[in-house]
Amino acid sequence: MSDYNEMWKGLGLDMERHDQLLNALGAIYSDVYMGQKDRPKGMEYFDFVMSEVHGLRIKELLDHKEKGGKIVGTFCLYVPDEIILAGGGVGVGLCGGAQFSVPDAEAVLPRNLCPLIKSAFGFKLAKICPYFEAADFVIGETTCDGKKKVWELLNNHIPTYVMEIPNMKREMDKALWFNEVKAFMEKMEKEAGVKITPEALEEKIKLVNEKRKAIQRVFDTRKANPVPISGKDALLISQIAFYDNPERFTTKVNELADELEERNKKGEGVFDEKRPRILVSGCPMAIPNWKLHNVIEDSGGVVVCEESCVGTRYFTHSVEEERPTLEDKVKAVAERYLKINCSCFSPNEERIDDILRYVKDYNASGVIHYTLQFCHTYNVEFVRVKEALKKANVPVLEIETDYSEGDVGQLKTRVEAFIEQIS
Ligand code: BJ8
């Protein structure tokens, strides 16, 4: 670890706070993850990634920078990874999932703001996240109100480029979005000092498609009963997708999927097959936010799918490959990203269809809708989600929470009662 100390100092981290963060993270991880029984062997790689979360991966990013590549921080699934990679960059997800940095943000921002935004902003203010400090610039986006106003403030601390994400999906919005993706490509080219070629973009389109297919394979194995992997482990894989090396990650996820498919053939699972199967739907859960999954699986349920940006929204739909020109390829990228069904869009009928379809596909006995406190779009959209689920006779529980541990007891009581009801 002493090598990393020098690296962290070089990044200008607040070493004392950073040590506290790593200690807290290690303790939570061991609590939540290491006591699980019959974990797939393939999870060892992801345990390793977590043990090196601020070490080896940061070193790899800094080595990449040293060779002239750019590190680009992102906060939203709409930012196209293919463009960053084609420009010789590496994208890292900087969404905050920890309570640790929330008080730092609250010294500046209003308290009644989504914890994901406060956590991320607090990490930058307090200089405790090496990913933030390694990034050359970050990409914000105009999704929710909280995020788009925070980018103006974040720009005082790190160059922040904002992509305009339309909030509707009409033809004119598609045209706007296509131009935004083109403008982002130009930004990437300028920052990296490269010209993105059709060949480079095609190569990265294929790379990211393979990554998505690998995660889809893992999710497909969760449709079986008994499930071959816990919801907590599956969530971890989706979270790590945001910052691990894409080639290595894809190989390891495919190896894990092989193992899980084998387990399915033998009828082996991590839990008793009578456990109620839960679909979790709603706001993203950035590392180390394992709170709800931990409560559900401690209360006798099993999470079989996440309709979330750390779940199905991440890997559903591939970018069409082999389009003839660079312009066509950029268009294919833009088209794929506009198929993500985030609640920031209006109307957002497709997300409701997705939820109903996943309930069937994953044979879920109930849905837990997860809203981060003060996230108005998911909160309000839940009204329609609830109506649709009621009509389909699917039990649903709404959970609105933040990152603090203060309500865990209360959450447990509510989740236990829900699981009892659907058992
Ligand atoms: S595509 S879900 S990553 S915007 S920050 S909207 S939780 S109040 S993260 Fe998101 Fe992109 Fe949509 Fe996905 Fe609510 Fe919080 Fe806003 Fe959030």
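Counting starts at 1 for both ligands and their atoms, following the listed order.
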Chemist: Please state which option from A286, S308, P115, C283 has its nearest heavy atom closest to atom 7 (S) of ligand 1.
Modeler: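 Of the listed residues, C283 has the closest heavy atom.
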Chemist: As a quick check of understanding, evaluate ring-ring contact (aromatic ring centres under 6.0 Å, His included) for Y314 and F242, giving each step before the final call.
Modeler: CA-CA 10 Å; Y314 186 92; F242 284 87; 5.0 Å; yes
Chemist: In the protein, what heavy atom is nearest to atom 15 (Fe) of ligand 1, and what distance, to one decimal place, separates them?
Modeler: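 In this structure, atom 15 (Fe) of ligand 1 has C114 SG, 2.3 Å as its nearest protein heavy atom.
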Chemist: Return yes when atom NZ of K59 has more than 12 non-hydrogen atoms of other residues, nucleotides or ligands closer than 6.0 Å, and no otherwise.
Modeler: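 Check fails, neighbour count at 12 or below.
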Chemist: Are the aromatic ring centres of W151 and Y161 under 6.0 angstrom apart?
Modeler: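 For W151 and Y161, the ring centres are not under 6.0 Å apart.
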Chemist: I'd like to check which ligand 1 atoms, numbered from 1 as shown, lie under 4.0 Å from a non-hydrogen atom of I117.
Modeler: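 Selected atoms, number and element: 5 (S).
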Chemist: Would you mind listing which atoms of ligand 1 come within a distance below 4.0 Å of any non-hydrogen atom of T143?
Modeler: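 Reading through ligand 1 atom by atom, the close ones are 4 (S).
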Chemist: Going by the order shown, which atoms of ligand 1 are within less than 4.0 Å of some heavy atom of L77?
Modeler: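 Taking each heavy atom of L77 in turn, ligand 1 has 3 (S), 11 (Fe) under 4.0 Å.
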Chemist: Is the ring centre of W8 less than 6.0 Å from the ring centre of H54?
Modeler: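 No, the ring of W8 stays outside the 6.0 Å limit from the ring of H54, centre to centre.
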Chemist: Counting from 1, what ligand 1 atoms have a heavy atom of C342 closer than 4.0 Å?
Modeler: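 So the atoms of ligand 1 that pass are 1 (S), 2 (S), 4 (S), 12 (Fe).
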Chemist: Short check: is a protein heavy atom less than 4.0 Å from atom 4 (S) of ligand 1?
Modeler: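 For atom 4 (S) of ligand 1 the answer is yes, since some protein heavy atom falls inside 4.0 Å.
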Chemist: Using a 4.0 Å cut-off to any heavy atom of Y378, which atoms of ligand 1 qualify?
Modeler: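 That gives atoms 2 (S) of ligand 1.
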Chemist: When you compare the side chains of E335 and W177, does any donor N or O come within less than 3.5 Å of an acceptor on the partner?
Modeler: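 Not at all, the side chains of E335 and W177 share no donor-acceptor pair under 3.5 Å.
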Chemist: When you look at D244 and R248, which way does the salt bridge (charged side-chain N to carboxylate O under 4.0 Å, His left out) test go after all the steps?
Modeler: CA-CA 8 Å; D244 197 12; R248 183 177 58 212; 2.8 Å; yes
Chemist: Please write down residue, atom name and distance for the protein heavy atom closest to atom 13 (Fe) of ligand 1.
Modeler: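 The closest heavy atom on the protein side is C309 SG, 2.3 Å.
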Chemist: Would you kindly check if the NZ (Lys) or CZ (Arg) of K169 is within the cone defined by 45 degrees around the ring axis of F345 and under 6.0 Å from the six-membered ring centre?
Modeler: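 Pair K169/F345 counts as cation-pi.
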Chemist: Heavy atom to atom 9 (S) of ligand 1, shortest distance: which of C95, G96, P284 holds it?
Modeler: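 Nearest option to atom 9 (S) of ligand 1, by heavy atoms: P284.
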Chemist: Taking both backbone and side chain into account, is any N, O or S atom of C375 nearer than 2.8 Å to atom 16 (Fe) of ligand 1?
Modeler: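 So C375 does not bind atom 16 (Fe) of ligand 1 by this criterion.
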Chemist: If I compare all heavy atoms of L326 with all of M185, which pair ends up nearest, and what's the gap?
Modeler: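 For L326 versus M185, the nearest heavy atoms are CD2-CE, 3.9 Å.
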Chemist: Could you tell me which atoms of ligand 1, counted from 1 in the order shown, lie closer than 4.0 angstrom to a heavy atom of Y78?
Modeler: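 Under 4.0 Å from Y78, ligand 1 has these atoms: 1 (S).
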Chemist: Hey, is D220 close enough to R217 for a salt bridge, meaning N to O under 4.0 Å?
Modeler: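 Between R217 and D220 there is no salt bridge, as every charged N stays at least 4.0 Å from the carboxylate O atoms.
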Chemist: Using 2.8 Å as the threshold, say whether any N, O or S atom from C344 sits that close to atom 11 (Fe) of ligand 1.
Modeler: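 No N, O or S atom of C344 is closer than 2.8 Å to atom 11 (Fe) of ligand 1, so no.
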Chemist: Going by the closest heavy atom to atom 10 (Fe) of ligand 1, which one wins out of K148, K147, E141?
Modeler: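 Heavy atom nearest to atom 10 (Fe) of ligand 1 belongs to K147.
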Chemist: Do K70's NZ or CZ and the ring of F137 fall within the cation-pi criteria of under 6.0 Å and 45°?
Modeler: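 No; the conditions do not both hold, so K70 does not lie above the ring face of F137.
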Chemist: Identify, by atom number and element, the atoms of ligand 1 in contact range of C76, meaning under 4.0 Å from any of its heavy atoms.
Modeler: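 Listed by number with element, the hits are 1 (S), 3 (S), 4 (S), 11 (Fe).
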Chemist: Distance under 4.0 Å to a non-hydrogen atom of C144: what atoms of ligand 1 satisfy this?
Modeler: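 Numbered from 1, ligand 1 contributes 5 (S), 6 (S), 8 (S), 16 (Fe).
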